[in-house]
2 protein chains.
Amino acid sequence: MFTNKNTYKPFVTVDCVVFGLDKSEEIRVLLIKRAYPPFKDSWALPGGFVIENETLEEAARRELHEETGVRDLFIEQLYTFGKLNRDPRGHVISVAYYALVNLDKHPPSASTDASEAKWYKLSEIPELAFDHLKILETATNRLNSKVRYQPVGFELLPEKFTLSELQNLYETILGKPLNRRNFRSKFLKMGILEQLERQKDVAHRPANLYKFNKEKYEELTSNGFEFAISVPKHKK
Amino acid sequence: MFTNKNTYKPFVTVDCVVFGLDKSEEIRVLLIKRAYPPFKDSWALPGGFVIENETLEEAARRELHEETGVRDLFIEQLYTFGKLNRDPRGHVISVAYYALVNLDKHPPSASTDASEAKWYKLSEIPELAFDHLKILETATNRLNSKVRYQPVGFELLPEKFTLSELQNLYETILGKPLNRRNFRSKFLKMGILEQLERQKDVAHRPANLYKFNKEKYEELTSNGFEFAISVPKHKK
DNA sequence: TCAAAAGTGTTTAGTTTACACCCATGC
DNA sequence: GCATGGGTGTAAACTAAACACTTTTGA
């Protein structure tokens, strides 16, 4: 070791903002009820201390699995929070991640470490421990800009989805109504959706199902294609 | 303290990618020659350990000042690097920042802690310590997308600049030639540039000088304006 | 036959791209 | 008077936005 033995070390945690889309087509966030102090019994983002021999992303995935049972989801680093008084235990730096998941695959249940885990609608977030509200706000902002420039929305949908479901997702995340015809033609013209069979047993004209063709997306991208969803300026 | 005394703590450092624009209109990066092991005498990004009672951004600004003498520049968090073997001293997590600065204000000199500091052209980066090349690549990618969607380019220019200087900057960062008339009309139409007096003592028709009107930009932004510079797809 | 959601075409406005010539200055 | 970079107008192609009616199914 070359470092001075007295080199100061803050604590390092990871926290995860897990976004999920339920059947009612609302975005929800996974929160856990803290089983131990500080903030015992408060709602908080799943997360915890980074341990030895573990990268940050590994820590995020481990904590998510331990506290909520979910595994193998789309995850990306969000921001690192290092304000001095964000944690009563001392100088605790939190590397925040956000994750996207489809709720059909990961139903609202599974809790092990934490005393409870629950999917909350964005409009009904309870008071949160630490600076977790700020982390959550940072994550929703990031999600909002991310869906416009990268095809991450599909992570929230089931593998097969209708164009209406896709549009609903975008409207929910962007908080604005989008024109149906423009939305459809835009996505279809991109050529990144693979058309599948039609819906069955719905009480209306059955919609076509599609899946996201990742290979095609990557091929187009490497040829200069840029994924972008424009948001009308004058509609609220 | 509520934490178990045995809670594991990695080291936490900050590293800064400082971009500067010199008079020859090339982007340069500030590197320091390391005065101590590990990687003694190697070139590296300025940075160092986070100390007590200090936020991450404070640490980044302090290290920058100590090692290179520069102060008060535009700085933003980039990404946090936490791979296990990125530092021979053990588990060292680095929170990276990037900064933008005009080289006229901060000439290539000032070194205190480090044995040497130097502005390198992006095309002539020497071998770097740790994973600093990766951090630098992450930063150039970020700068590339950032200038397209936020008016940060002005941070690299002197307060008063010509439209040609602005265009040069964009061409350098984006790595593509832009059409002069389209570039000019686009920026002028935005209404975020304030026209000043003309250049003096140049051996050609003197150009108009402009400055970035931040208040105007913020006013427009709050009314739905979105800053965006499109990059022609078919030109290399 | 009705309700419910799917699907479709066209016009208009705005933006992006591409292009070539004259202008003002110092030397 | 010439070299140097500054400055301008316009047409064509494309993209975004706005709009209303018909189709298919299950109940």
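Below, chains carry the letters A, B, ... as their sequence lines are ordered, and counting in each starts from 1.
Of the candidate nucleotides C/dA18, D/dT15, C/dA6, C/dA6 has the atom nearest to the side chain of A/S164. Comparing D/dT8, D/dA27, D/dA18 against the side chain of B/R180 picks out D/dT8 as the nearest. The B/P232 side chain lies nearest to C/dT17 when the options are C/dT17, C/dA5, D/dA16. The side chain of B/H204 has D/dT4 as its nearest neighbour among C/dT25, D/dT4, C/dA6. Of the listed nucleotides (D/dT25, D/dC19, C/dG7), C/dG7 has the atom at the smallest distance from the side chain of A/N208. For B/A207, taking side-chain heavy atoms from C-beta onward, the closest of the listed nucleotides D/dG6, C/dT17, C/dA6 is D/dG6.
Nearest-nucleotide assignment on DNA chain D puts the 5′-proximal partner with B/L209, out of B/L209 and A/D201. Comparing B/K189 and A/L188 by the nucleotide of DNA chain C that holds the closest heavy atom to each, the one mapping nearer the 5' end is A/L188.
Distance CG (A/L178) to P (D/dT15): 19 Å, rounded to an integer number of Å. Distance CZ (B/R148) to P (C/dT16): 11 Å, rounded to an integer number of Å. Remark: C1' of D/dG7 and CZ of B/F187 are 17 Å apart, rounded to the nearest angstrom. Remark: P of D/dT10 and CZ of B/R181 are 11 Å apart, rounded to the nearest angstrom. Per the geometry, CD belonging to B/Q167 stands 12 Å off C1' belonging to D/dG5, to the nearest Å. Atom P of nucleotide C/dT16 and atom CE of B/M190 are separated by 9 Å, given to the nearest angstrom. Rounded to whole angstrom, the span from the OH atom of B/Y210 across to the C1' atom of D/dG6 amounts to 10 Å. Rounded to whole angstrom, the span from the CZ atom of A/R205 across to the C1' atom of D/dT23 amounts to 4 Å.
Neither OP1 nor OP2 of D/dT15 sits under 4.0 Å from any side-chain N or O of A/K186. OP1 or OP2 of D/dG26 has not a single side-chain nitrogen or oxygen of A/K200 nearer than 4.0 Å. Between B/S230 and C/dT17 there is a side-chain polar atom (N or O) within less than 4.0 angstrom of OP1 or OP2. Applying the 4.0 Å criterion to OP1 and OP2 of C/dG7, one finds that A/R184 has a side-chain N or O inside that range.
The side-chain heavy atoms of B/E159 and B/L209, taken from C-beta on, include no pair separated by under 4.5 Å.
Side-chain rings of B/F154 and B/F161 approach one another, their centers coming within less than 6.0 Å.
Between B/F227 and B/F225, the ring-plane angle classifies as perpendicular under the 30° and 60° cut-offs. Between A/F187 and A/F183, the ring-plane angle classifies as tilted under the 30° and 60° cut-offs.
Defined by atom type and a distance below 3.5 Å, a donor-acceptor pair is missing between the side-chain atoms of B/Y210 and B/E194.
The base of D/dA18 lies close enough to the side chain of A/N182 for a donor and an acceptor atom to sit less than 3.5 Å apart.
Rounding to the nearest 0.5 Å places CZ of B/F19 at 7.5 Å from CG of B/L100.
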